[in-house]
Peer 1: 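Here's a structure for you.
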Amino acid sequence: MINRSNVAAAPHELPISTPEGQFIARYSKLGLCSLAFPSRTKRRPSDAISARPPAQIRRWHATASKALRLALAGRPPKALPPLDLSAGTDFQQRVWRALRRIAWGRTWSYGEVAQAIGNPRAVRAVGGACGANPIPVFVPCHRVLAAGNTLGGYSGGLNWKRALLQREGIRYAA
DNA sequence: TAAGTGCGTCGTT
DNA sequence: AACGACGCACTTA
């Protein structure tokens with residue numbers, strides 16, 4: 001079941017410049033609702049960034065920008081903006097909430113995530129929900145490894161997963 | 001050991 | 001009805 005009632009039709013879209021490239025953050029009235037990895041493709045003019053976001057969104061964006069730059073530098077962020085995960089199905093939201101309990105520098109397996117949400121056999125479905133995570137890095141789906149500490153997949157590309165794990169000092173099976 | 005196959009399982013499209 | 005960011009058993013090389 002999808003709940004779009006809290007998702008603004010046209011969320012504010014703001015860039016975050018990092019040494020790794022320009023991420024795009026999107027904000028609803030509830031908080032950060034999406035974070036996109038740097039894209040090689042040029043943004044179209046129709047995707048223009050809104051001129052002057054409200055003060056609250058500017059504060060959220062400042063927090064998010066700082067947090068992202070810390071994370072990419074290998075330091076755990078001290079504060080995050082509110083995360084708006086309301087666009088997901090009930091199942092996805094349960095998975096995403098569970099992912100937020102994985103500590104910096106630690107990993108869970110897909111099976112452990114499935115257990116954490118009380119649905120121990122929905123292992124494969126958990127993988128699907130991880131792939132649908134709209135806020136990578138802050139909702140740390142990169143900390144979910146396959147059984148035997150193998151890498152598993154990553155919708156943002158395995159290079160990003162490897163990079164994020166490395167910044168947290170996480171080791172996994174070759 | 002490493003790589004490949006088959007199947008259970010379940011949320012999403 | 002088909003498809004996965006899975007996991008496990010089992011077979012082959």
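In what follows, every chain begins at residue 1, and chains take the letters A, B, ... in the order their sequences are listed.
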Peer 1: Base, sugar-phosphate or nothing for A:Gly131? Non-hydrogen atoms, less than 4.0 Å.
Peer 2: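 Base contact.
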Peer 1: Of the candidate nucleotides C:dG7, C:dA5, B:dG8, which contains the atom at the shortest distance from the side chain of A:Arg124?
Peer 2: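 Selected nucleotide (nearest to the side chain): B:dG8.
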Peer 1: Whole angstrom is fine here: how far is it from CG in A:Leu164 over to C1' in C:dA5?
Peer 2: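 In whole Å, C:dA5 C1' lies 14 Å from A:Leu164 CG.
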Peer 1: Less than 4.0 angstrom from a charged side-chain N to a carboxylate O is my criterion; do A:Arg167 and A:Glu20 meet it?
Peer 2: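 A salt bridge links A:Arg167 with A:Glu20.
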Peer 1: Figure out the OH/P separation between A:Tyr154 and C:dA5, and round it to whole Å.
Peer 2: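 So the two atoms are 14 Å apart, to the nearest Å.
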Peer 1: What is the separation between atom CD on A:Gln93 and atom C1' on B:dG11, rounded to the nearest whole Å?
Peer 2: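 These atoms are roughly 14 Å apart.
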Peer 1: Starting at atom OH of A:Tyr110, determine the distance to atom P of C:dC8, rounded to an integer number of angstrom.
Peer 2: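 Going from OH in A:Tyr110 over to P in C:dC8 covers 14 Å.
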Peer 1: Nearest to the side chain of A:Thr89 - B:dT12, C:dA5, C:dG7?
Peer 2: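 Selected nucleotide (nearest to the side chain): B:dT12.
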Peer 1: Quick check for you: to the nearest 0.5 Å, what is the distance between A:Arg171 atom CZ and A:Thr107 atom OG1?
Peer 2: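 Rounded to the nearest 0.5 Å, the CZ-OG1 separation comes out at 12.5 Å.
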Peer 1: Between C1' on B:dT13 and CD on A:Gln92, what's the gap in Å once rounded to a whole number?
Peer 2: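 Those two atoms, CD and C1', are 11 Å apart.
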Peer 1: Hydrophobic cluster membership, with links at side-chain heavy-atom distances under 4.5 Å among I/L/V/M/F/W/Y: are A:Leu83 and A:Trp104 in one?
Peer 2: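 Unlinked, A:Leu83 and A:Trp104 end up in two clusters.
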Peer 1: Within the 4.0 Å heavy-atom criterion, would you say A:Phe91 contacts the bases, only the backbone, or no part of the nucleic acid?
Peer 2: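 Here A:Phe91 touches the backbone only, sparing every base.
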Peer 1: Between atom CD in A:Glu112 and atom P in C:dC6, what is the gap in whole Å?
Peer 2: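 To the nearest whole Å, that distance equals 15 Å.
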Peer 1: Of the options B:dT12, C:dG7, B:dT9, whose atoms approach the side-chain atoms of A:Arg121 most closely?
Peer 2: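 For A:Arg121, the side-chain atoms sit closest to B:dT9.
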Peer 1: Taking the minimum atom-to-atom distance to the side chain of A:Ala147, which one of C:dC8, C:dC6, B:dC10 wins?
Peer 2: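 That would be C:dC8.
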Peer 1: Taking the ring of A:Phe23 and the ring of A:Trp160, is the distance between their centroids below 6.0 Å?
Peer 2: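 Yes: the rings meet the under 6.0 Å criterion.
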Peer 1: Looking at B:dC10, I'd like to know if its phosphate oxygens (OP1 or OP2) sit under 4.0 Å from a side-chain N or O belonging to A:Asn119.
Peer 2: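 No, because none of the side-chain N or O atoms of A:Asn119 sits under 4.0 Å from OP1 or OP2 of B:dC10.
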Peer 1: Just by distance, no angles: are the side chains of A:Tyr154 and A:His142 close enough, under 3.5 Å, to form a donor-acceptor pair?
Peer 2: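 Side-chain D/A pair, A:Tyr154 to A:His142: absent.
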Peer 1: Just name whichever nucleotide pairs with B:dC7, Watson-Crick or G-U, keeping both distances under 3.5 Å, else none.
Peer 2: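 Paired with C:dG7.
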Peer 1: So which nucleotide does C:dA1 pair with, by the Watson-Crick or G-U wobble rule with both distances under 3.5 Å?
Peer 2: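 In the structure as shown, C:dA1 has B:dT13 as its Watson-Crick or wobble partner.
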